[in-house]
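Atoms considered below: every heavy atom in the structure, side chains included; atoms not considered: hydrogens, waters and symmetry mates.
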Amino acid sequence: EDYGADGIDMYNTWHIFGDPSLKIIGTVAPPTGLGVSPGSGLNAEGPHGGPFTPSSVTYTLKNFDTWDIPYTVTKTANWLTLTDGTGTIPAGGQVAVTVAVSCAANLLDNGMYSDVLTFTNLANHDGDSTRPVQLTVGVATRKYQWNLDLNPNWTITGGGQWAFGHPTGQGGTAHGNPDPSNGYTGINVYGVNLNGDYALTIGGPYYLKTAAIDCSNTTEVALKFQRKLNTDYQSYVYATIDVSNNGTSWTPIWNNGTTEIADSTWTAESYDLSPVANNQATVYVRWGYQVATGAYAYSGWNLDDVEIWGLSPSAPSYALGDLNCDGLVDFDDINPFVLAISDPGGYAATYPNCNADLADCNGDCQVDFDDINPFVGLLSS
C-alpha cells in the first residue's frame, strides 16, 4: 500500500493512530436482536413448605430490530412457572415474562435447587441469553422469643447488679452513654444497675442465665438480641457471652476485648451457637460481666428482644395424592382428599404431618374440584 513518497503518511499511521493514549471518538453501533433485562437471575429462599422470597422475577424482553421477533423462554424445573413464555415481539416493542416459584416447591425437601432460564430469539438467535435460578429450601426461622415485656425469671448468679425492669436512662456521665429509658420494644430490659453505672467494687463474674432451651431436631442455631452496652475494656472490665448444652461446661462466643464499648443506641446482635447447640435438648445462654482493679464506671449491659433461631428438618416426602401420608396412593386417600378440598383447616388438624398441597393433583397451585379427575387418575395408575 502506498504511504506517500515523503513517508509522512507512514509516520502518521504508526505514530499517531498507533499511540495508545490517543482517543478515537465515534458512534457506537446500535443494539440489535433480542435484549433481556435485568441481567440477574432469580435467587429465592424459604422454609420447608414455603413461602419463598422473592417469589418471582419479571424480565423485559425488547426487540431492537425492525422486524418482528418470535421468542421462547424455557426452563426445566417443575417448581417454576412461566407467564408469557412464548410469543412474538413487534419491531421496536417489548414484552414482560414472569418467572415464579410454584406451589410444587412446597413439597421439596431441605436443600439447594437450581435451574437455568433460556431466552431464545427464534428469528436469528441474535441476543439469545440465559439467567440462573437458585432455590434454597430450608432456612433458619425464629424458634423462641422473649420480648421481656414480662419477666422470664432467668437465673442471676454470683451476685452483682443484674436486674429485670424499667431502665431509668441514668449513668454514663463520666464514661460512655447512659442506660436507655425504655426497652428496644416495651419498657423492660434485663440490665446491670437499671439506675445508673455498674459499681466499681472488684468482683465477679456475675451472670444472667436463661432457662433451658430445647433445640432438639434443630440445626443452624443462632442467638439474636438487641443490645445497649457501655463498658470499660479488658483487663479492667470483662463483658462476655457463653453457651452450654448441659448448664455445667460453657463455651465462650463473645467478649468485649481491649476497646471500650459505648453504644449510644440499641444494636442488633447475632451469634452462631450451632457447634454447641445443634440438636441439643438443654441449651443455655448466659451474659456476664466482671470488674477488676482500675475500672471506670459505665452504664453496663442492657438486653431486650432475645431470640433463638434455627433450621428444622424437612418433613418426610410423600407422593402427590398420598393425602393420609402412609406412603401409598390408594383408596384410603379418598376421604382425606375430600377433606383437603372441603375443609382445609380440618385437614390440617386431622393430618398435621401432611401437606394439603399433595391434593393439588393438576398442578395449578390450587386445591379444588379441578383436582378430582387427576386424583382419580393417580388412584387408577
Under a 3.5 Å threshold, yes or no: a donor from one side chain and an acceptor from the other, between [X] and [Y]?
X: E220; Y: N278; result: no
X: Q234; Y: Y236; result: no
X: N124; Y: D126; result: no
X: N106; Y: D357; result: yes
X: T185; Y: D305; result: yes

Only distances under 3.5 Å count here; give the side-chain donor-acceptor pairs of residues 40-58 to other protein atoms, sequence neighbours excluded, each with its distance to 0.1 Å.
from : atom 1 : to   : atom 2 : distance (Å)
H48  : ND1    : L108 : O      : 2.8
H48  : NE2    : A315 : N      : 3.4
T58  : OG1    : T98  : OG1    : 3.0

Sequence neighbours excluded, which residues qualify as ring-ring contact (aromatic ring centres under 6.0 Å, His included) partners of [X]?
X: F337; result: F375
X: F64; result: none
X: Y347; result: Y351
X: Y284; result: none

Ring centre gap for W154 and W162 strictly below 6.0 Å: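 When the ring centroids of W154 and W162 are compared, they turn out to be at least 6.0 Å apart.
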Aromatic contact, W287 with Y207 (centres under 6.0 Å): no
Taking only residues two or more places apart in sequence or in another chain, which ones pass salt bridge (charged side-chain N to carboxylate O under 4.0 Å, His left out) with [X]?
X: D242; answer: R286
X: E260; answer: none
X: D263; answer: R227

Which residues pass the side chain to side chain donor-acceptor pair (under 3.5 Å) test with T130, not counting sequence neighbours? none
Residue pairs passing the side chain to side chain donor-acceptor pair (under 3.5 Å) test where at least one lies in residues 325-336, sequence neighbours excluded: N324-D326
Could you tell me whether the side chain of P31 reaches within less than 4.5 Å of the side chain of K62, counting heavy atoms only? no
Given side chains that start at C-beta, do those of Y59 and L61 come closer than 4.5 Å, heavy atoms only? yes
Does K224 count as lying over the ring of W309, i.e. NZ or CZ under 6.0 Å from the six-ring centre, within 45 degrees of the axis?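 Yes, a cation-pi geometry.
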Rounded to the nearest 0.5 Å, how far apart are OH of Y238 and OG1 of T231?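 Here the interatomic distance stands at 11.5 Å.
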Write out all pairs satisfying disulfide (SG to SG under 2.5 Å) with one or both partners inside residues 203-270, taking only residues at least two apart or from two chains. none
Donor-acceptor pairs are to be reported for all side-chain atoms of residues 75-82 against protein atoms at under 3.5 Å, with residues two or more places apart or in another chain.
from : atom 1 : to  : atom 2 : distance (Å)
K75  : NZ     : A77 : O      : 2.9
K75  : NZ     : L80 : O      : 2.9

